[in-house]
Each structure stands twice: as C-alpha cells, then as structure tokens.
Amino acid sequence: MNEVITLLQSHRSVRKFTDQTIPQTVLEELIKCGQAAATSSFIQACTVIQVEDKNKRKLLVDLAGGQPYVEHASRFLVFCADMNRHKLVCDMHNSKMEAGYTEQFITATVDVALFAQNVLTAAQSLGIEGVYIGGIRNNIAEVSDLLELPKLVYPVFGMCLGYPAQDPETKPRLPLSVVLKTDHYQDDNDTTAISEYDEQVREYYRSRTNGKKETAWSEKIADMLVKEARPHMNPYLKDRGFILK
Ligand SMILES: Cc1cc2nc3c(=O)[nH]c(=O)nc-3n(C[C@H](O)[C@H](O)[C@H](O)COP(=O)(O)O)c2cc1C
C-alpha cells in the first residue's frame, strides 16, 4: 500500500545483533519520535533510561530471566511510567498532588506503550531492529533499585535495539474477524477461526525450528494462563505509589 504500512506489517522481534553501534544522535532522534506520540491529557508520562553501564547490563540480563540480548544489543532502553515529574510540577505550584489513582496508572502506562512503539517503528524505518523486554518485571523491585527509580516511577518494559544479525519470519497474527467487530461484541465464530489460525502458528513454529516445535497459539495461551502472572506486581505498584485508589 505504502512504505509505512509495509514497514508496520513486516514487524518481527529481533534478538541477535551485530557489533555496530547505533550512534547517539540517531538514538536521540528515535526518542524524539517517541515523544511525538499522542499523550493522555498531555501528561507526557514516559521517561526512558538508556543503560550504557556494562555491569548494569549484565545484571539486567539475569533480572530479566536470562536474556543475553539485553547485554549484546547496541542499546538497551528501559521505558518507565513516570508520575514523579508531575509531583515536582505540583510542588512548583504549591499544589498537593492526588497521586495513586488507578486511572493515572493506566494513562501513564498507555503513554509509555505509545512512546515506545513509536521508537521501535522509527528504528525499524532506519534498518535498526529490536525486541521489547517485559522480562525486567520478573524482578521489578531490583530493577528499580538498580536504576535508582524514585516513588511514582515504574519500569514498564525494556527494549533492545541494534543492527540485525538475523532475519526471522513475521509471526502470523489472529484472523481479522477475531480482532475486528462491527457495532457490538460477539465471539460466536471465534473458536473456529482460532482453530484455523492455530494451524498457521504450528506451521510457523515448524518452519522456524526445523519441525522441533509446533505449538498452537491457543495451546500456548491456555498453558500460560493457568499459571500465576507475576503476583509481586500488585504489592510492588502499591509500594511505588500506583494503584492505591
Ligand atoms: C510488552 C512486551 C514485552 C515483551 N517481553 C519480551 C521479553 O522479555 N523477551 C522476549 O524475548 N520477547 C519479549 N517480547 C516480544 C514478544 O514475545 C513478541 O512481540 C511476540 O511473541 C510476537 O512476536 P513478533 O514481535 O516477532 O511479531 C515482548 C513484547 C512486548 C510487546
């Protein structure tokens, strides 16, 4: 259709990178693209920590559950939802900030996601690739300490960026009928559509792993969702001043 649409539809995560460094000037342009994203009520609640310290990178590999690309990527960014600066601003005006609303948590987190996806898309437009690292939430308190995050700031995810040393296939997405509804929600035909989609995903894994893996999407999800999902997140967020009310 056009170059932007082709770029968006050819997204895939890349986890192997060459040694080539992304110049700081390029990185800063990417961050400006993140800043250009829409932002709820103009709150601008995203702060990015660029992790250059090699020891911190090594520690983050482990804190993210053993993901070596966190160390080897040219750049590793931690995207934080940040309501601390809003507290500073309220203090500037001698206003007492009403922090801790779940709504603020949602708006700040959404801001971060929009910002980060702009960064990744802009990077991809320059031939740089990457992968999000939600794994940093495995040990979110330790990550917060490592990066000296104050209260009202939490790391939503990391992102590895670099020049690609692999060229993976795109992963097939759910059929349009499952994700696009008209006028009202209905899921009458979704299980049939998902079963057909499962075959595509099996084929994707078969071709990617020389037949060693062939997990269907629904199997993967059903397997994942019977397990606990980072139960430490709720007390952590409360401790950091989020989702108190
Ligand atoms: C918020 C978020 C967190 C993610 N965390 C990780 C991660 O910790 N490690 C990883 O290898 N991939 C991670 N991913 C990448 C997803 O696994 C990947 O996007 C998904 O499987 C779809 O594959 P694709 O990006 O190649 O299309 C994450 C993606 C998102 C959006």
Side-chain angles (χ1 to χ4, degrees), residues 5-17 34 37 45-46 48-49 51 57-81 105-106 108-125 128-140 142-144 146-147 154-162 164-176 178-179 194 197-198 200-209 213-225 227 229-230 232-233 236-237:
I5 289 176
T6 303
L7 180 77
L8 289 170
Q9 294 187 356
S10 54
H11 159 82
R12 71 274 194 279
S13 297
V14 166
R15 298 174 178 84
K16 285 204 177 100
F17 304 99
C46 181
V48 182
I49 314 249
V51 184
R57 287 272 202 114
K58 284 198 174 92
L59 289 167
L60 285 165
V61 168
D62 292 335
L63 292 173
Q67 304 201 54
Y69 22 95
V70 169
E71 184 183 354
H72 299 132
S74 169
R75 304 287 181 172
F76 185 67
L77 307 176
V78 177
F79 289 84
C80 301
F105 165 75
I106 293 170
T109 306
V110 169
D111 257 33
V112 169
L114 299 178
F115 188 119
Q117 186 58 29
N118 263 18
V119 170
L120 182 59
T121 303
Q124 290 169 330
S125 77
I128 295 165
E129 294 287 351
V131 62
Y132 285 91
I133 302 293
I136 60 165
R137 297 197 307 276
N138 287 352
N139 294 289
I140 195 163
E142 291 81 353
V143 171
S144 304
L146 187 70
L147 303 178
Y154 93 94
V156 184
F157 43 67
M159 185 187 286
C160 299
L161 288 176
Q166 63 176 177
D167 184 16
E169 287 173 56
T170 54
K171 235 183 205 178
R173 294 301 200 252
L174 284 164
L176 210 55
V178 175
V179 302
I194 287 170
Y197 170 65
D198 274 345
Q200 281 180 47
V201 176
R202 277 188 207 285
E203 189 45 46
Y204 162 84
Y205 282 122
R206 260 185 228 122
S207 93
R208 207 180 174 192
T209 64
K213 179 176 168 185
E214 49 173 9
T215 320
W217 180 77
S218 62
E219 287 167 2
K220 178 179 156 57
I221 297 300
D223 187 44
M224 182 175 81
L225 294 182
K227 295 176 193 146
R230 296 185 182 126
H232 56 271
M233 282 303 297
Y236 164 83
L237 286 170

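Both backbone and side-chain heavy atoms feed into the values below; hydrogens, waters and symmetry mates do not. As the structure lists them, so they are numbered: ligands from 1, and atoms in each ligand from 1.
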Tabulation required: pairs of a nitrogen or oxygen in ligand 1 and a protein nitrogen or oxygen under 3.5 Å; columns are atom names and distance to 0.1 Å; otherwise 'none'.
residue	atom	partner	partner atom	Å
ligand 1	5 (N)	Tyr132	O	3.2
ligand 1	5 (N)	Gly134	N	2.7
ligand 1	8 (O)	Gln67	NE2	2.9
ligand 1	8 (O)	Gly134	N	3.2
ligand 1	8 (O)	Gly135	N	3.0
ligand 1	9 (N)	Gln67	OE1	2.7
ligand 1	9 (N)	Gln67	NE2	3.4
ligand 1	11 (O)	Arg15	NE	2.7
ligand 1	11 (O)	Arg15	NH2	3.3
ligand 1	11 (O)	Gln67	OE1	3.3
ligand 1	11 (O)	Tyr69	OH	3.2
ligand 1	12 (N)	Arg15	NH2	3.2
ligand 1	14 (N)	Tyr132	O	3.4
ligand 1	19 (O)	Ser13	OG	3.4
ligand 1	21 (O)	Lys171	NZ	2.6
ligand 1	25 (O)	His11	NE2	2.7
ligand 1	25 (O)	Ser13	N	3.4
ligand 1	25 (O)	Ser13	OG	2.6
ligand 1	26 (O)	Ser13	N	2.8
ligand 1	27 (O)	Arg173	NH1	2.8
ligand 1	27 (O)	Arg173	NH2	3.0

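- Salt-bridge annotation for Arg206 and Glu214: present, with a side-chain N of the basic residue lying under 4.0 Å from a carboxylate O of the acidic one.
- The side chain to side chain donor-acceptor pair (under 3.5 Å) check on Arg208 picks up Tyr204, with sequence neighbours excluded.
- Under the 30°/60° scheme for interplanar angles, the aromatic rings of Phe79 and Phe115 are found to stand perpendicular.
- The only member of Arg15, Arg12, Lys16 that meets salt bridge (Lys or Arg N to Asp or Glu O under 4.0 Å) when paired with Asp167 is Arg12.
- Gln117 pairs with exactly one of Val119, Leu114, Thr121 by the side chain to side chain contact (heavy atoms under 4.5 Å, CB included) rule, that one being Thr121.
- The residue from Leu60, Asp62, Val51 that alone fulfils the side chain to side chain contact (heavy atoms under 4.5 Å, CB included) condition with Val70 is Leu60.
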